[in-house]
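So the structure is just underneath, and the comments pick up after that.
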Amino acid sequence: MSSKTVYITAQGDFHHGSPECSGITGPHKTAVTQGYKVFEPEEVTLAEAQQRGKDTPCSVCDGSA
């Protein structure tokens, strides 16, 4: 199992290498503009992200910092 740190969101399907990835921040800005509640990205290990079904790396940041 990997202890690499990645970031996931409650609604997203991917893991990210940085909480500042535009794959996270772009959708968050859109959701806020439309009046939806958003949650901060959660820092987890890659193994935990995979256990939660977020095993695909983000296509923007490739899941790495």
Side-chain angles (χ1 to χ4, degrees):
M1 293 198 141
S2 175
S3 62
K4 173 183 172 185
T5 298
V6 296
Y7 299 85
I8 60 173
T9 60
Q11 298 296 320
D13 296 324
F14 308 104
H15 64 268
H16 304 267
S18 168
E20 300 301 318
C21 172
S22 63
I24 296 175
T25 59
H28 273 200
K29 287 178 185 173
T30 300
V32 168
T33 301
Q34 295 177 353
Y36 293 100
K37 182 177 181 178
V38 296
F39 300 93
E40 292 301 313
E42 183 178 355
E43 183 178 335
V44 298
T45 64
L46 177 57
E48 185 170 346
Q50 292 169 333
Q51 289 174 339
R52 292 188 187 185
K54 298 169 191 290
D55 52 351
T56 304
C58 168
S59 62
V60 175
C61 69
D62 196 29
S64 59

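Just so we're clear, the structure is a prediction, and the values are computed from it rather than from any experiment.
Taken together through direct or relayed side-chain contacts under 4.5 Å among Ile, Leu, Val, Met, Phe, Trp and Tyr, Phe14 and Ile24 form parts of separate hydrophobic clusters. Val44 and Leu46 fall within a single hydrophobic cluster, where Ile, Leu, Val, Met, Phe, Trp and Tyr are joined by side-chain heavy atoms under 4.5 Å apart, directly or via other members.
By the 4.0 Å N-to-carboxylate-O rule, Lys54 lies too far from Glu42 to be salt-bridged with it.
Side-chain contact between Tyr7 and Thr9 is absent, with no heavy-atom pair separated by less than 4.5 Å. With contacts defined as side-chain heavy-atom distances shorter than 4.5 Å, the pair Thr56/Asp13 does not qualify.
Of all heavy-atom pairs spanning Cys61 and Gly17, the tightest one is SG-N, 3.3 Å. Across all their heavy atoms, His15 and Ala49 have their closest contact at CB-CB, 4.2 Å. Looking at every heavy atom in both residues, His28 comes nearest to Pro41 through CE1-CD, 4.3 Å. Contact detail for Thr45 and Ser3: the closest heavy-atom pair is CG2-O, 4.1 Å. Between Thr25 and Pro19, the shortest heavy-atom contact is CG2-O, 4.0 Å. Shortest non-hydrogen contact noted between Val6 and Gly63 is CG1-O, 4.0 Å.
Gln34 CD: more than 12 foreign heavy atoms inside a 6.0 Å radius.
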